[in-house]
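Hydrogens, waters and symmetry mates play no part in the numbers below; they use all other heavy atoms, side chains included. As the structure is a prediction and not an experimental result, all values here were calculated from the model.
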Amino acid sequence: MNQPIQLSLEQQFNIRSFATQVKHMSHEQAQDFLVKLYEQMVVKEETYKELLKHQWGLDSGSTMA
């Protein structure tokens with residue numbers, strides 16, 4: 001994994017579009033937006049962890065045979 005991840009043209013466009021939207025936000029709007037974005041990132045990470053635990057049979061509800 002020494003090579004950087006290449007983004008698709010669509011992803012690059014979405015990033016550029018996002019940057020434009022943020023540029024037009026007030027300072028307060030940008031701060032609120034960052035807090036909400038961070039919260040979504042944390043929820044996403046926890047969701048992935050729970051899905052992996054379940055997939056690997058590590059969740060507390062699973063029984064080992």
Side-chain angles (χ1 to χ4, degrees):
M1 288 218 52
N2 293 337
Q3 296 178 344
I5 295 173
Q6 296 294 320
L7 299 177
S8 70
L9 287 176
E10 182 181 6
Q11 290 169 321
Q12 292 175 36
F13 173 80
N14 287 336
I15 290 170
R16 179 77 87 163
S17 175
F18 178 79
T20 301
Q21 290 175 358
V22 171
K23 247 183 217 180
H24 294 95
M25 289 181 182
S26 70
H27 184 76
E28 185 177 313
Q29 287 172 320
Q31 286 180 325
D32 289 343
F33 183 78
L34 279 172
V35 170
K36 289 175 184 170
L37 183 61
Y38 183 74
E39 181 182 3
Q40 288 178 354
M41 288 171 43
V42 171
V43 168
K44 184 177 182 180
E45 182 179 357
E46 278 305 304
T47 300
Y48 286 152
K49 285 179 184 179
E50 290 301 314
L51 287 171
L52 285 173
K53 279 187 203 176
H54 179 72
Q55 184 67 29
W56 294 342
L58 301 174
D59 52 347
S60 59
S62 68
T63 57
M64 301 293 272

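Every residue two or more places apart in sequence or in another chain that forms a salt bridge (charged side-chain N to carboxylate O under 4.0 Å, His left out) with Glu46 is listed here: Lys49. Taking the side-chain contact (heavy atoms from CB on, under 4.5 Å) definition, one finds that Gln55 meets it with nothing, sequence neighbours left out. Remark: His27 engages Gln31 in a side chain to side chain donor-acceptor pair (under 3.5 Å) (not counting sequence neighbours). Residues passing the side-chain contact (heavy atoms from CB on, under 4.5 Å) test with Glu10 are Ser8, Asn14, sequence neighbours excluded. Every side-chain contact (heavy atoms from CB on, under 4.5 Å) that Ile15 has, sequence neighbours left out, goes to Leu7. Applying the ring pair (Phe, Tyr, Trp, His ring centres under 6.0 Å) criterion to Tyr48, with sequence neighbours excluded, gives no partner residue.
Using a 4.5 Å heavy-atom threshold, the side chains of Tyr38 and Leu34 count as separate. Taking 4.5 Å as the limit, some side-chain heavy atom of Gln12 sits within range of a side-chain heavy atom of Leu9.
To the nearest 0.5 Å, atoms NE2 (His54) and CG (Asp59) are separated by 6.0 Å. Here the CE-OG1 distance, from Met25 to Thr20, works out to 11.0 Å after rounding to the nearest 0.5 Å. Atoms CD and CZ, from Glu28 and Phe33 in turn, are 15.0 Å apart once rounded to the nearest 0.5 Å. Atom CD of Gln40 is separated from atom OG1 of Thr47 by 11.0 Å, given to the nearest 0.5 angstrom.
No donor-acceptor pair closer than 3.5 Å links the side chain of Ser17 to the backbone N or O of Phe13.
For the residue pair His24 and Gln29, the shortest heavy atom distance occurs at O-OE1, 4.4 Å.
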